[in-house]
Amino acid sequence: MIDKNKVIEKFKRKIIELKKHNKLYFNYDNPEIPDSEYDKIKKEISDLKNKYSFLNDINIESDFVGSPPSNKFEKIKHLKPMLSLSNAFTLEDMNDFLKKIDNFLKFQNKKVELFSEPKIDGISATLIYEGGVLTRGLSRGDGTIGENILKNLETIKSIPKKISSNDCPNLLEIRCEIFISKKDFIKMKDNFANPRNAAGGSLRQKNPHETSKIPLKYYAYGFGEVKPMIFKKQSEFLKKISEWKFEINPLSKIVNGVEEIEKQHKKIDQLRSNLNYDIDGLVYKVNDINLQKRLGNTSNSPRWAIAYKFSAEKAVTKIRDIIIQVGRTGAITPVAKVEPVTVGGVVVSNATLHNEDEIKRKDIRIGDTVKVQRAGDVIPQVISVDISLRAKNSKKYIFPTKCLCGAITKKELSKNTKKLDAVRRCIKGYDCKFIAKEKLKHIVSKEAFNIDGLGKKVIEQFWDLDLIKEPSDIFNLDFKKIEKLEGWGSLSINNLKKAISKSQIIFLDRFIYSIGIRHIGQENAKILGGFFSSIKEFAKLFDLKSRKKILINLAELDGIGETQIQSINSFFSNETNVRIISKLIERLNIKNFSIQKFGKFSNKKLMFTGGFQNMSRSEAKAIAENNGGKVLGSISKKLDFLVVGNSKPTKKKIDKAKELNIKIILEKDWNKILNG
Ligand code: IVH
């Protein structure tokens, strides 16, 4: 009999070893062992995997590939942030996308023209041309700061190094996707899990000579900063840069309306398997660049573009067990442990069952044969059960009513629907160690403190070793203890120290988002950051009396509703939360949140009533904010302007504004201000 645990232990040890050498090789260009020895470790791992199929169950796929974010390249701020795209999965989602655009722009019978492009599954990069000469090339990084990978990008022959055309803008930033063709990937697939990882690993090599050996390709799909701006339409932009010898994807097309969207989608989906590069959907963009500008962005993604993903890949497998997981908001999620199955090139052994109601509705049981699906970066999910294959003695699954920490879980009553929430929650907050660990993972994540080298896995490891139990511990780490751990050398420790100390300087809005108050996402955190301005003001929430007053004022903010206010209240009513957050604040240098100071409404508070003819309320609000103003949701003495649209303004608000001596801006004056 083999000792399964021993095999797993050996396997994990080998993986850790491989990871260490990967890091040394890819990140520090300082291999400690010859290639032959490195290959030996890899072979040992693959032999073990071949011999013991249960090892497929251990989720280590990502550990094999490429390298984690490195510190070896110079970091440079992007001229304009590199955003990501929101996703659509159904035609209904696409309809919503179109509707939102029409509402924002106040288009009624005008149809907005779209441009559809394949969404290449590669690595994004940006190329900067000054006076037509390629001077900088950056990776996406965290979207705000990228890595200088110019030398590696220059090895891609088809990227123009110089644009000689007369009409090339002085400053031109081209955004593109770098990839490896499916054919080329076959030759290197022993080293990487998929073409995307291969492209990423190759681009981040320190030695451009090594990169030059890899057949990287690219398609240009967009622009960043352009001065002077000469492009009017996305379609024209691509045509122009193709004349300047950039590679553009030949499968792009102008489309109008949902029927054409669906037709194009089906057409490209059918071509998909015959293409020599991976795509995972189509990107639909508003073609008119002026309209793109009007639509603008939310915090992470543009309102003028969306990725319509191809339908998810599916596979059949069996449920071995059902376990529960606790999220950072206390949500209890049931997860099916399934027999490992490959779905779209990735081995799946866990699939979400969403919540208690979903299990009940589908009558999902341990032992059932089920269909699982995986779409893009979304967590794999169980979508249906084949009841005909169910064992006679199978039993209904009884959902646990307690959290893993032992506390009773609750379902909340939804204010809107007056129904019980489908999700059970543990309400212990930081007092539940499972929630606390998840909160830590959130705090170190990219959008929050963004600490390089302190990812989810490291948090797990440091948690188990009692190195980090609450957020302030991150800033008081026992590096003597870490030094002794496998995989941690002086270089990686130094990098971690640097990343942690860098993260201690943080803007108020990011800090608010990081502490993980339920219903306070990035957008709301920005609104709150603008409201409180400084950590000193924000910390007044800790005190019951001042909190009551503040919460009343918060209701004035456009975007903050009853749900958010209640959530803030319950977060700060919890003594453990207050203790933990206060301790964290002591360790940080929290910078005041400054809304854009310059602009027509610099530091002014505005409120809107009535509709405008040419723009939606959302657009008017975005314009006010982009021009330095703050938009309030109710009238008070603090208000500077009440902007009154011609269509059905509220008389009561106008009267109140007059009474308080607040300046009134009529629709025609509003338009004049904007154009002036
Ligand atoms: S447009 C504002 N077009 O997808 C973002 N992106 O999730 C504009 N991508 O980071 C992106 N093909 O790396 C755009 N034809 C295409 C694309 C594309 C691939 C990638 C790109 C981006 C990510 C967005």
Side-chain angles (χ1 to χ4, degrees), residues 69 78-89 93 97 101 114-127 137-147 149 153 156 159 173-181 194-197 199-200 203-204 216-226 231 233-235 237-239 241-242 246-255 261 264-265 268-269 271-272 275-289 291-310 375-378 446-447:
H78 287 298
L79 297 177
K80 281 198 168 157
M82 288 185 79
L83 304 173
S84 46
L85 290 166
S86 46
N87 290 326
F89 295 101
D93 295 342
F97 169 68
I101 289 177
L114 297 179
F115 193 68
S116 121
E117 301 165 20
K119 183 167 186 296
I120 318 290
D121 197 7
I123 300 290
S124 53
T126 190
L127 308 164
L138 307 182
S139 69
R140 179 176 186 276
D142 65 1
T144 309
I145 292 169
E147 296 163 323
I149 51 163
L153 289 168
I156 305 174
I159 290 183
E173 186 179 6
I174 299 287
R175 304 259 156 106
C176 59
E177 194 79 356
I178 316 278
F179 63 94
I180 289 178
S181 75
N194 54 44
R196 185 174 191 276
N197 281 317
L203 263 188
R204 286 208 203 87
L216 290 170
K217 295 190 166 56
Y218 81 100
Y219 278 126
Y221 61 71
F223 52 83
E225 189 81 87
V226 181
F231 309 115
K233 288 190 170 186
Q234 169 73 4
S235 49
F237 158 74
L238 289 176
K239 194 163 161 261
I241 64 167
S242 143
F246 285 89
E247 300 286 338
I248 60 161
N249 192 287
L251 301 172
S252 305
K253 191 177 186 292
I254 291 179
V255 289
I261 288 178
Q264 177 71 356
H265 214 69
I268 306 291
D269 200 1
L271 287 178
R272 189 178 176 193
L275 296 176
N276 193 19
Y277 48 87
D278 279 330
I279 61 174
D280 55 356
L282 294 185
V283 184
Y284 289 85
K285 305 175 178 176
V286 170
N287 199 21
D288 183 323
I289 291 170
L291 292 182
Q292 291 184 2
K293 238 197 204 150
R294 275 182 64 188
L295 285 157
N297 313 315
T298 63
S299 13
N300 281 326
S301 51
R303 290 192 191 90
W304 48 266
I306 197 160
Y308 184 7
K309 296 290 185 81
F310 292 130
D377 28 15
V378 179
K446 232 180 187 180
E447 290 75 22

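Just so you know, ligand 1 is whichever comes first in the structure, and atom 1 is the first atom listed for that ligand.
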Query raised in the report: When you check the side-chain N and O atoms of Gln234 and Gln292, is any donor under 3.5 Å from an acceptor?
Result: no
**Report entry** Amino acids contacting ligand 1, non-hydrogen cut-off under 4.0 Å
**Finding:** Leu83, Ser84, Leu85, Glu117, Pro118, Lys119, Ile120, Ser124, Glu177, Tyr221, Val283, Lys285, Pro302
Query raised in the report: Does some side-chain heavy atom of Arg303 sit less than 4.5 Å from a side-chain heavy atom of Ile101?
Result: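 A side-chain contact is absent here, since even the closest heavy-atom pair is not under 4.5 Å.
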Report task. State which residues pass ring pair (Phe, Tyr, Trp, His ring centres under 6.0 Å) with His265; sequence neighbours excluded, sorted by chain then number. Result -> Tyr308, Phe310
Query raised in the report: Taking the six-membered ring where the residue is Trp, are the ring centres of Phe223 and Phe237 under 6.0 Å apart?
Result: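 Distance test on ring centres: under 6.0 Å, yes.
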**Report entry** Test log, rule salt bridge (Lys or Arg N to Asp or Glu O under 4.0 Å), inputs Arg196 and Asp121
**Finding:** CA-CA 6 Å; Arg196 185 174 191 276; Asp121 197 7; 3.2 Å; yes
**Report entry** Result of checking Ile174, Ile156, Ile248 against Tyr218 for side-chain contact (heavy atoms from CB on, under 4.5 Å)
**Finding:**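 When side-chain contact (heavy atoms from CB on, under 4.5 Å) is applied between Tyr218 and each of Ile174, Ile156, Ile248, only Ile156 qualifies.
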